[in-house]
Amino acid sequence: MNFFNKRLLSLVLVSAALTACSSDDDEDVENSVAELTEIVEQFKPQVVWDTSVGDGVEHYFSRLSPVVAYDHVYVADRQGYAMAFEQKTGKQVWKVDLSNLDNERGFFDDKKSARISGGAVAGYNKVFWGSENGDVFALDSKTGELKWHTTVPGEVISKPALEGNKVIINTVSGILIALDSNTGEMVWKVDQAVPALTLRGVSGVTTSAGGAFVGLATGEVSVYLLDSGQQGWTTEIGEASGSTELQRIVDVDVTPIVYGEKVYSISANGNLVATDLRTGRELWKRKYSSYRQLSVEANKIYATDIQGHVYAIDRNSGAELWSQLSLTNRGTTGPVVQNGYIVVGDFEGYLHWLDIDNGDIVARHHVDGSGLFVTPIVEDGVLYAYSRDGSFEAIQTSKAVSEEN
């Protein structure tokens, strides 16, 4: 089995492996998908505008996500169509085919997928995407004009970070690389260890205080100096357990979150950990496992574990405040905060709004039957949801709509 297939296989099997029980009956219960139950809706989510983004990400593993900047929403599909929409109206501003930048494809030639999988991020009046082929594209944010295109050693399947006129990318091959944001030329690169068997995902990069923070497939979180790539502190997050190689996967595939003077990280098989920003000293550790993005708001951390359960955790002590267990094995996305609610998506294409104080589900909206895999984003009180087949919706809570009126 080659390296790529090992990574893909591990993603498919990881939830079952990490939660396996002693008997077949117990395993059936543990791995069963929860059916949705009726809820008492407190409001009706309202679609502000909707559109279609090519073929979406289809059935592939992807964390391809939109980004809001410069009064526009930027989003791409896996095939290579990159698009910009007006943030308020959803009107298309520009569309670029990243699979045919040289315009060499003939009318009768089949379209070859660009395999876009990393991004989007926006800054320096540009929008950046990466691909499974190791491509990195920088487009003008206003016009979609290609500013530069380069290749890096390894697949780009997570969001890069922008800081200090650099684009910092963590690749599947374990190489952390900084590119000049104006030219695409390499500034520095670091080789990181990659175990033989890891999850398909890879951590994105967070920048703060002159450092680039990244999760590693070895179960650690490290910081590198933005100027030089020199490694600073490293803290162990994952905790290998079990008798098989698959059960002992400890990847930190979730992008660390820097909030105040703390860094919050979580492993696919291990812990949720708060560390000191400057020293990497462990402040507290709690037993949660996830490969879904964390969210931090005020004094709370919101997390979705490998079984699809959603939690609110005190960010200063690590104490659990509430849990929502009714979305078991529904492929629950990472949580985001919208207008005083927690929102998650699921594999059937439903969005669920949870009461921020107790975790009760108080509203629901169906986006698309192809399912939601990517964690939604929220900007200016509007939630943007991107389904597997390319359906794209901008959604407000009725609370936000009534306040505006």
- Query: Step by step, would you call Ser370 with Asp368 a side-chain hydrogen bond (donor to acceptor under 3.5 Å, both in side chains)?
  - Reply: CA-CA 5 Å; Ser370 65; Asp368 184 273; 2.4 Å; yes
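- A distance-only check finds no donor-acceptor pair linking the side chain of Trp49 to the backbone of Lys91 [under 3.5 Å].
- Remark: side-chain polar atoms of Asp380 are not paired, donor with acceptor, to backbone N or O of Val382 under 3.5 angstrom.
- Scanning both residues, Pro256 and Gly204, for their nearest heavy atoms gives CD-O, 4.0 Å.
- Taken to the nearest 0.5 Å, the OH atom of Tyr341 stands 15.0 Å off from the CG atom of Leu351.
- Remark: the Tyr259 side chain and the Arg315 side chain contain no N/O donor-acceptor pair separated by less than 3.5 Å.
- Of all heavy-atom pairs between Val73 and Phe392, the closest is CG1-CZ, 3.7 Å.
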- Query: Should Leu162 and Tyr124 be marked as a side-chain contact (heavy atoms from CB on, under 4.5 Å) after you check the CA-CA gap, both sets of side-chain angles, and the distance that decides it?
  - Reply: CA-CA 9 Å; Leu162 307 179; Tyr124 314 123; 3.9 Å; yes
Under 3.5 Å, which donor-acceptor pairs link side chains of residues 75-84 to any protein atom two or more places apart or in another chain?
unit_1	atom_1	unit_2	atom_2	d
Asp77	OD1	Gln79	N	3.4
Asp77	OD1	Gly80	N	3.0
Asp77	OD1	Tyr81	N	2.8
Asp77	OD2	Asp55	N	3.0
Arg78	NH2	Glu132	OE1	2.9
Arg78	NH2	Glu132	OE2	3.3
Gln79	NE2	Glu58	OE2	3.4

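- No donor-acceptor pair under 3.5 Å is formed between the side chain of Asp355 and the backbone N or O of Gly359.
- Using a 4.5 Å heavy-atom cutoff, the side chains of Val254 and Arg292 are not in contact.
- Atoms CD and NZ, from Glu320 and Lys287 in turn, are 14.5 Å apart once rounded to the nearest 0.5 Å.
- Between Trp353 and His365, the ring-plane angle classifies as perpendicular under the 30° and 60° cut-offs.
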- Val374 and Leu372: CA distance, side-chain angles, deciding distance, side-chain contact (heavy atoms from CB on, under 4.5 Å) verdict: CA-CA 6 Å; Val374 176; Leu372 300 169; over 6 Å; no
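- A side-chain donor-acceptor contact under 3.5 Å links Ser222 and Gln231.
- For the atom pair CD of Gln293 and NZ of Lys159, the computed distance is 9.0 Å after rounding to the nearest 0.5 Å.
- In terms of heavy atoms, Gly184 sits closest to Thr150 at O-CG2, 3.7 Å.
- Interatomic distance, Leu327 CG to Phe347 CZ, rounded to the nearest 0.5 Å: 10.5 Å.
- For Phe137 and Phe128, the ring centers sit 6.0 Å or farther from each other.
- Between Thr304 and Val344 the shortest side-chain heavy-atom distance falls below 4.5 Å.
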- Query: Would Trp322 and Ile342 satisfy side-chain contact (heavy atoms from CB on, under 4.5 Å), going step by step from the backbone distance to the final call?
  - Reply: CA-CA 12 Å; Trp322 55 254; Ile342 306 304; 4.2 Å; yes
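- Remark: the backbone N or O of Arg115 is paired with a side-chain donor or acceptor of Ser113 at under 3.5 angstrom.
- Side-chain contact between Glu348 and Arg330: present, with at least one pair of heavy atoms (C-beta onward) separated by less than 4.5 Å.
- Listed here is the closest heavy atom pair of Asp97 and Ser99: OD1-OG, 2.6 Å.
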- Query: What do the steps show when you test Asp360 against Ile39 for side-chain contact (heavy atoms from CB on, under 4.5 Å), and what is the final call?
  - Reply: CA-CA 9 Å; Asp360 290 345; Ile39 61 171; over 6 Å; no
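- Using a 4.5 Å heavy-atom threshold, the side chains of Glu393 and Tyr384 count as separate.
- Between Leu64 and Trp129, the shortest heavy-atom contact is CD1-CD1, 4.0 Å.
- The pair Arg364-Glu41 fails the salt-bridge criterion, with no side-chain N (NZ, NE, NH1 or NH2) lying under 4.0 Å from an Asp/Glu carboxylate O.
- Residues Tyr74 and Ser141 meet the side-chain proximity criterion, which asks for heavy atoms closer than 4.5 Å.
- With ring centers used as reference points, Tyr60 lies 6.0 Å or more from Phe373.
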- Task: For side-chain hydrogen bond (donor to acceptor under 3.5 Å, both in side chains), just list the numbers for Tyr311 and Asp305, CA-CA rounded to whole Å, side-chain angles, deciding distance to a tenth of an Å, and then say yes or no.
- Result: CA-CA 8 Å; Tyr311 299 90; Asp305 71 6; 3.2 Å; yes
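- Qualifying side chain to side chain donor-acceptor pair (under 3.5 Å) partners for Asp191, counting only residues two or more places apart in sequence or in other chains: none.
- Looking at Val343 and His352, their side chains never come closer than 4.5 Å, going by heavy atoms from C-beta outward.
- Of the inter-residue distances, the one linking Ser52 atom OG with Asp389 atom CG reads 7.0 Å to the nearest 0.5 angstrom.
- Val336 places a side-chain heavy atom less than 4.5 Å from the side chain of Thr375.
- When side chains are defined from C-beta on, Val152 does not count as touching Ile175, because their heavy atoms never get closer than 4.5 Å.
- Residues Gln338 and Leu383 share a closest heavy-atom pair of NE2-N, 3.3 Å.
- Here the side chain of Ser117 pairs a donor or acceptor atom with the backbone of Val156 at under 3.5 angstrom.
- With no hydrogens or angles considered, no side-chain donor-acceptor pair links Asn271 and Glu236 at under 3.5 Å.
- The closest donor-acceptor contact from the side chain of Thr328 to the backbone of Gln307 lies at 3.5 Å or more, if one exists at all.
- In terms of modelled atom types and a separation under 3.5 Å, the side chain of Asn329 and the main chain of Ser32 share a donor-acceptor contact.
- For Asn170 and Gln192, the side-chain atoms include at least one donor-acceptor pair closer than 3.5 Å.
- Taken from OG1 in Thr206 to CD in Glu163, the straight-line distance is 11.0 Å, to the nearest 0.5 Å.
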